[in-house]
Every structure is written in structure tokens, then in C-alpha cells.
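Quick notes on the structure that follows.
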Amino acid sequence: MRARFPYSANPIAFGDEIKPEPSQMLSFSRCAAKSAGSFDRFSVMQYWSKTYIPTLKESPAEAEIESHKLLLRAGLVRKIGGGLYAFLPLGKRVLEKVSQICREEMNAAGAIELLMPAVLPAEQWKAGPRWNVVREVMYSVGSASKSARPTEEPQYVLGPTHEEIITPMIGSEISSYRDMGKTFYQIQTKFRNEIRPRYGLMRAREFIMKDGYSFDEDDEKAEATYHRIAGAYDKFFARCGLTFISVEADPGIMGGAFSHEYMVPAEVGDDDVVYCEESGYSANVEKATSGIVPGDLVDAEPVGDLEKFETPGVKTIEKLAKDPFNIPANEQFKTLLFVGDEKLFAVVVRGCDQVEEAKLSSLGYQVIRPATVDEIFEAMGAYPGSLGAIKGTIKDRPKLDGIFGDEAIRLIGNGVTGANEKAMHVKNVNVSRDLDLDRFGDFRKVQEGEPCPKSGKPLKVARAIEVGHIFKLGTKFSDSDQWGAKFHDAEKQTRPAVMGCYGIGISRTIQAVIEQSRDESGIKWPWNVAPYHVIITVLDSDLEEAASLAEKIGSAAEAAGADVLVDDRSERPGVKFKDADLIGIPLRITIGGRGLKEGIVEMKLRDQKDVRKIAIDEAADIVASEIRELASS
RNA sequence: CGGGGCGUAGCUUAGCCUGGUAGAGCGCCUGGUUUGGGACCAGGAGGUCGAAGGUUCGAAUCCUUUCGCCCCGACCA
């Protein structure tokens, strides 16, 4: 006769008694009893035929990178629109697991969970310090009230993050130093109108984020909090099975004293990280420095008078480096113009260097963009390709808010730059004598192979996915009379709270795990975030013996702390094996008629090739002990 | 926002240049044969060819507009 699984889609034969499923009842009560304070179980045994795991043999054309393809093929997510995804049951389970690990580590670090709305009053953002910067990534929401006119400024926005919300809220709650030293966090959907959503969950318009905010009395305590949260992050990403590094980062529009990013090395990452294995130095390329400019560098003496020469048709560093001029790029000055908060300014770097735009924020401008060709001509009297920062040659020097030289141009000493005249360049340009610089700074992008600022050994560069970012904010948000977060200290003084903020891209972390943990056949979930730990593949699903054995082993696996999926479909073996590999369940138990005759079932790790045959009598025990081992390793 | 590409069945796509009743594989449904790594046979359902307008006797195909999606770039002078 046909076997019937507790949850299988097989029809219940006429006359079958319908009663509560004993396994479910048992599991439920056991789960409830066990779950207090510990997270090692997720739910009761699930049957493939009863849940929904729509695997795909081919990947949809929209997916470009492997992790994105696998998200779709393994039936974890489906696309709803550009940068918008639905989590299907299997994906939701991973999401919950990652979220739960995050909760546990945040809680262990003393943080406390709350939940703020996703729809936020625009007023509150306008009052904050970065409305102009952030508004372009924010989605506006119209008011429901009839008087609202859609043409006006947005009344509500969808939260891209919550500093502007939590700071005044906590500020109005907290007034004593006795209430300081709190870290709040939430796990919530965030909305950012990304210029270009990309790669599935990697850069989406709507995504799940854990964001945390700390309020401390002083710098010292704030830094202690920062380090405590950093420790929680280390544990979190390690528990997710990720290989990651934390790097010094550019705080960007968040501002603040310093920040660290948590990076997962991957070819498809958005960021470049610079690191040195010798010294342990690591930084985002936006922030990284190198040791190419010696500390004791003495400014060069002039080698001769300025001398103009004709360079017809030469508009690039490369052309000037070739015949007939043969001026190496590292002896040329490159002059670039930007607009910062509507004011023009210039940056001079070596011809062989690139400006790292993120570093320009140290100049104090909030919004920076490259200048247009017209803006450049108005100020310089010349077009790109002929620009130079030599004193007296700039058409409208007052138009420039400043000219800033990268430190590395001091290595040139005397070099070549544009004459601010068409087809003319100037040589014997001495840095201190001739260039019209307001000051020096670090504006260049570090390149692979340059000496590490700590060890002097060659730096390495790797692509990486940013999965977390922590900031020591200082008082940027709290020190505001209208809506800051201030408190009375023990000396009755009013002081702003010293804040930190801490983000983890939960949904992005999921994709980073897939990107890092996969092979040709599919995903290889690390144990802690696997949607199910064990898949029991029942090959001959109409054998009563196979069905009951699956239930027995499954129950033992659950008792050992595993989440169990039973593949009870009446598919051919090949289909089931391929699907099990694709969805990446760490431990597979195979029960088939052939094995039953021999008196064995098979146990296989997703990660390994070999198959272990185990006697049916011992199967439940052996599977249980294997699970305990996997869970603890 | 600029550039490029693509929209044909749930998925992958052919057909478009050269206009003439819309095809295949996978998936799905029915029946049968199968059954340890994405089976086979037979039958079947499923498409207003992204949308709108135009040219034409006739448009998936040509023209215009528009929407959506994907990729590259967003600055190196």
C-alpha cells in the first residue's frame, strides 16, 4: 500500500481516521519547552511536498552572478521588481536564522532591541544634519490627508536608516547620566532608492538591516561600547560561517570620528579593501593610506625657470608620457576640479595617481561632484587636458574656493603641468615655488604594491562585499538644541550624548554567505544559517518502511537539535539528489529500497564526497551524534 | 543621470535583417513504461509576441513614442 507521511500531499484514503499529528504535537511542546533562552531549534520536521521550494534547473536571465542565480534557483527568493525581492519559505528561514544569531550577539553585548516605524515624518529628517545628502536616496510617501498636495515637499519618507529618529526620541526620554550607556537596535526593512540596484539582494531598494545606536556619557565609554559591539560583530559573522575582515573605513555621510567596515572577500564585491598580511593593517581603499611619502621628505629645490612648451593635441597624461615628450606620469601634475557645496575647488595629484573622491570629504564639503567642462573653463581659462595650478596662470583664481595638493606631488619636486592655455604645457614646475596651493592633504587612491604604512611591505588589494559598518559618531547628531540627545551629568552640566551607530546588512549577509559558500552543484550552507540542517531523501517514497524510518530518523535528528526536511516527493532519485545539493542542506540521509534490503541507510555531508553506510538499527543514534558534532564545530 | 543590450508560454529561447495564420527545450496536466545523480513514449493545456500609435491588403517582424528589465559608466582631464 502507499505510505502516508504525516504532512505528505498524498491523499488521505477514504475512511482514514483524521486526528492531530502526534509528531507535530510532540515536537511543538518540546520546542516550546526548549526554546527558552537558547536558539538551537527552529521548527518541526518539514515535508518537501508540504512546503514550497520551487527550484529551477536553469537560471533566470536577470541573474548575473552566482549567488544571485542560486538565490533564485534554490527557491529562496523571487523578484518582484527592480531591487525588490520576496523571500520564499526557504529564504525566510535563512533570514530568520541570520536575524536570530544577530539578536543573540547584540543581546550578549548588552544591546536592547526595539522597533521603530519604517514610515517617518520628513520634518524630522529636514531638521537633521544631512537632509540634503540623504534625501535623494529616500522614497517619499504622500500623506493620506486630503489637504496634502503631491507637488509639495514630501511629508513622509521611508526610512533609509534611523539616526534622525532615535536621537530625538532617546533625547527626550533620557535626561540623566544614570540613563546613559544604552545601546538600542532593531532589525527592520530599510528603503534606499539606489541609483542602480544590482545583483539581487546585494544592492536592493528594500532590504533587511540591523541598525543599532549607542548613547554614552563620554568618549571613553563610547569607545568601550564601540569595541564591545565590534566584538559582537566578529562573533556574528563567524557564526554565519563567513570569512571576513574588518577594515578601517571612511565614515562618509555619517560623519563621526572613525568607523570600521566588515568585509567579505568576493570577486563581485562593490568595494576594494587594502590590507597587509604582515602588519595586519587593513582599510577600505576610500580610506587607505600607504607609506610612499616618507615622513622626512624635504621639498625639492627648483631646477630651473618655468618653461612653456607646445603640446599640440595632447590632452592626456598618457600622451605626454609618450614620444616625443616622454614625461613619465609620475613627473606630471594632474589638476582636477570639483564642486563642493556649490563652490569650485581644485585638487592636484601626480599624473600616475587617481583622486580618491571619498577622501575629499576631509576638506569639509558635504556634497561633492566633478566640475563640468564649462565650470572648469570659467575658472581656469582652459579646458581639461591643459590645466595647471601655477601661480598667476589661473584665469579667475577667486572663483576657486581652494587648491589642494596631494602629499605625493612633493615626491615630484619639479615636474610638468598644463599651462591653462590650449596645447601648452609648462616644465620645471617646482612644487613649493610655483604651485598655488592652499594646503596639502591625502587625496590619492592607494594602489596595490605600495608600501604598507605600518610594515613597509607591499600592500594587497581585494574586492569585498560590505556586510557591516560601525561608526563612532561622537556628538554629530546628539549636539543639537532642537532635537539632540543631551543629558545632565553628575556635575549638573548639560552635555550631548556621545553616540555610535552600528549596521549589518542582514539580507546582504545571506547573499555573501552564498557567494562564499557554494560549488557547481549549488549552495553549501554553513550549519548555523542552513534553512534545514538535515535532508532525509526518501527514494522509494511509497514504501511504508522507508516512510516510517524517515520519520524515526527525523525525530531523532530533531531531538538532537536539527531542523529536518524530508524529501517525500515521488520524483526520480536524480532529481532529489540534485535538488538537495542545490538548496545546500549540510547533512543528507538517503533512504532507499536498495539500502533497506541491505539493512542500511546512507549519510552524506554536502561538503564531502564520501557516503557513509549505516545500519538501520543504529541510524537514529549515529545521525543524532553526527548532528551534535556538526552543531558544535 | 549618460551609454549599450534585451522584452515572444512559468523558465531558457528560435523566428525579426528579407512583413504572409507563432516554433522548440525545460516545467505543468493525463495515461503508460520506468526508478540510486535533473528518464522515456503517447496525448494535452498554456502566448492579445511588454504597451500605445503609425505604415501596410496584411506587423512578433518596418517606423515613432512609451514602459519595464539587465549590463557598463557615473570623475582621472
Side-chain angles (χ1 to χ4, degrees), chain A residues 54-65 68-69 72-73 75 78-84 136 193-200 203 205 268 311 314-320 329 332-340 346-360 368-373 375-377 380 382-389 406 417-418 420 422 425 443-445 447 520-522 537-543 546 567 569-582 588 590-598 600-602 604 609 611 613:
Chain A
T55 57
L56 300 172
K57 214 186 271 188
E58 293 172 289
S59 28
E62 73 202 46
E64 184 80 0
I65 65 170
H68 187 189
K69 288 179 185 169
L72 294 162
R73 288 190 54 213
R78 284 292 184 267
K79 186 167 85 169
I80 301 300
L84 302 170
E136 63 189 56
N193 193 357
E194 290 288 346
I195 301 170
R196 181 149 87 89
R198 234 206 287 223
Y199 298 156
R203 201 196 288 179
R205 292 200 160 103
V268 297
T311 50
V314 173
K315 287 183 178 172
T316 61
I317 302 289
E318 292 74 38
K319 275 199 173 175
L320 206 51
Q332 299 183 41
F333 300 101
K334 183 155 74 181
T335 309
L336 308 170
L337 268 75
F338 296 88
V339 177
V347 176
V348 183
V349 297
R350 295 189 302 172
C352 58
D353 283 336
Q354 299 193 339
V355 167
E356 175 49 66
E357 209 175 313
K359 290 183 175 179
L360 300 180
I368 294 172
R369 64 167 171 85
T372 64
V373 172
E375 287 167 332
I376 292 170
F377 187 81
M380 304 297 289
Y383 288 107
S386 307
L387 303 180
D406 179 69
T417 192
N420 293 327
K422 192 177 180 186
H425 280 76
F443 308 118
R444 64 185 293 278
K445 182 178 275 181
Q447 287 169 24
E520 324 75 57
S521 305
T537 302
V538 184
L539 296 184
D540 301 279
S541 51
D542 47 357
L543 285 179
D567 188 353
R569 296 173 299 170
S570 52
E571 289 288 348
R572 295 170 58 83
V575 173
K576 297 180 144 194
F577 291 142
K578 290 284 184 190
D579 272 347
D581 288 348
L582 177 61
R588 190 182 79 201
T590 307
I591 300 174
R594 186 190 293 178
L596 291 178
K597 276 182 199 153
E598 290 178 53
I600 57 113
V601 299
E602 290 161 25
K604 180 186 175 300
K609 271 194 174 160
V611 176
K613 295 188 176 184

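The chains referred to below are lettered A, B, ... by the order of the sequence lines, with proteins before strands, and numbering in each begins at 1.
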Seminar exercise, completed: When both distances are under 3.5 Å in a Watson-Crick or G-U wobble arrangement, the nucleotide paired with B:G58 is none
For this session: Just call it for A:L539: base, sugar-phosphate, or nothing, with non-hydrogen atoms closer than 4.0 Å on any strand.
Result: base
Exercise. When all nucleic acid strands are considered with a 4.0 Å heavy-atom cut-off, which category describes A:R73: base, sugar-phosphate, or nothing?
Worked result: base
Problem set entry | 5'-most by nearest nucleotide on RNA chain B - A:G83 or A:P370 | A:G83
Exercise. Does A:R588 get its side chain close enough to the base of B:G37, under 3.5 Å, for a donor-acceptor pair?
Worked result: yes
For this session: State the pairing partner of B:U64; accept Watson-Crick or G-U wobble contacts with both distances under 3.5 Å, and report none otherwise.
Result: B:A52
Exercise. If you take all heavy atoms of A:L84 and A:R205, which pair is closest and at what distance?
Worked result: CD2-CB, 3.9 Å
Exercise. According to the Watson-Crick and G-U wobble definitions, with both distances under 3.5 Å, which nucleotide is paired to B:A42?
Worked result: B:U30
For this session: Using a 4.0 Å heavy-atom cut-off across all strands, classify A:G595 as base, sugar-phosphate, or nothing.
Result: base
Exercise. Base, sugar-phosphate, or nothing for A:K576, non-hydrogen atoms under 4.0 angstrom?
Worked result: nothing
Exercise. Between B:G36 atom P and A:I600 atom CD1, what is the distance in whole Å?
Worked result: 14 Å
For this session: Quick one: label A:F333 by what it contacts on the DNA or RNA (base, sugar-phosphate, nothing), any heavy atom closer than 4.0 Å.
Result: nothing
Exercise. How many Å lie between CZ on A:R198 and P on B:A74, as a whole number?
Worked result: 10 Å
Problem set entry | Footprint string (nucleotides 39-47 of chain B, 5' to 3'): B base within contact, S backbone only, - free, heavy atoms under 4.0 Å | B--------
Just the table, please: protein N/O against nucleotides 3-14 of chain B N/O, every pair under 3.5 Å.
residue	atom	partner	partner atom	Å
B:U12	OP1	A:A61	N	2.4

Exercise. A:K578 has an atom NZ; how far is it from atom C1' of B:G37, in whole Å?
Worked result: 6 Å
Problem set entry | Pairwise P distance for B:U13 and B:U8, with rounding to whole Å | 9 Å
For this session: I would like to know whether A:K613 and A:E598 meet side-chain contact (heavy atoms from CB on, under 4.5 Å); could you show each step before the answer?
Result: CA-CA 10 Å; A:K613 295 188 176 184; A:E598 290 178 53; 4.0 Å; yes
Exercise. Think A:K334 has a side-chain N or O under 4.0 angstrom from the OP1 or OP2 of B:C75?
Worked result: no
Exercise. Contact class for A:I317 (heavy atom, under 4.0 Å): base, sugar-phosphate, or nothing?
Worked result: sugar-phosphate
Seminar exercise, completed: Paired to B:G73 by Watson-Crick or G-U wobble criteria (both distances under 3.5 Å) is B:C1
For this session: Could you state the atom-to-atom distance from CG of A:D579 to P of B:G27 in whole Å?
Result: 12 Å
For this session: For the pair A:K334 (side chain) and A:D353 (backbone), establish whether a donor and an acceptor sit closer than 3.5 Å, ignoring hydrogens and angles.
Result: yes
Exercise. Could A:K359 and A:D406 be called an ion pair, given the rule that one side-chain N must be under 4.0 Å from one carboxylate O?
Worked result: no
For this session: Measure the distance from CD1 on A:I591 to P on B:G36 and round it to the nearest whole Å.
Result: 17 Å
Seminar exercise, completed: Between A:P197 and A:G592, whichever has its closest RNA chain B nucleotide further toward 5' is A:G592
Seminar exercise, completed: To the nearest angstrom, the NZ-P distance between A:K79 and B:C69 comes to 7 Å
Exercise. Does A:R196 put a side-chain nitrogen or oxygen below 4.0 Å from OP1 or OP2 of B:C71?
Worked result: yes
For this session: Grab the CG-C1' distance between A:L72 and B:C69 for me, whole Å please.
Result: 14 Å
Exercise. B:C16 and B:U30: how far apart are their C1' atoms, nearest whole angstrom?
Worked result: 36 Å
Exercise. Taking CG from A:L582 and C1' from B:C26, how many angstroms apart are they, rounded to a whole number?
Worked result: 15 Å
Seminar exercise, completed: Heavy atoms of A:D540 and A:A546 approach each other most closely as O-CB, 3.7 Å
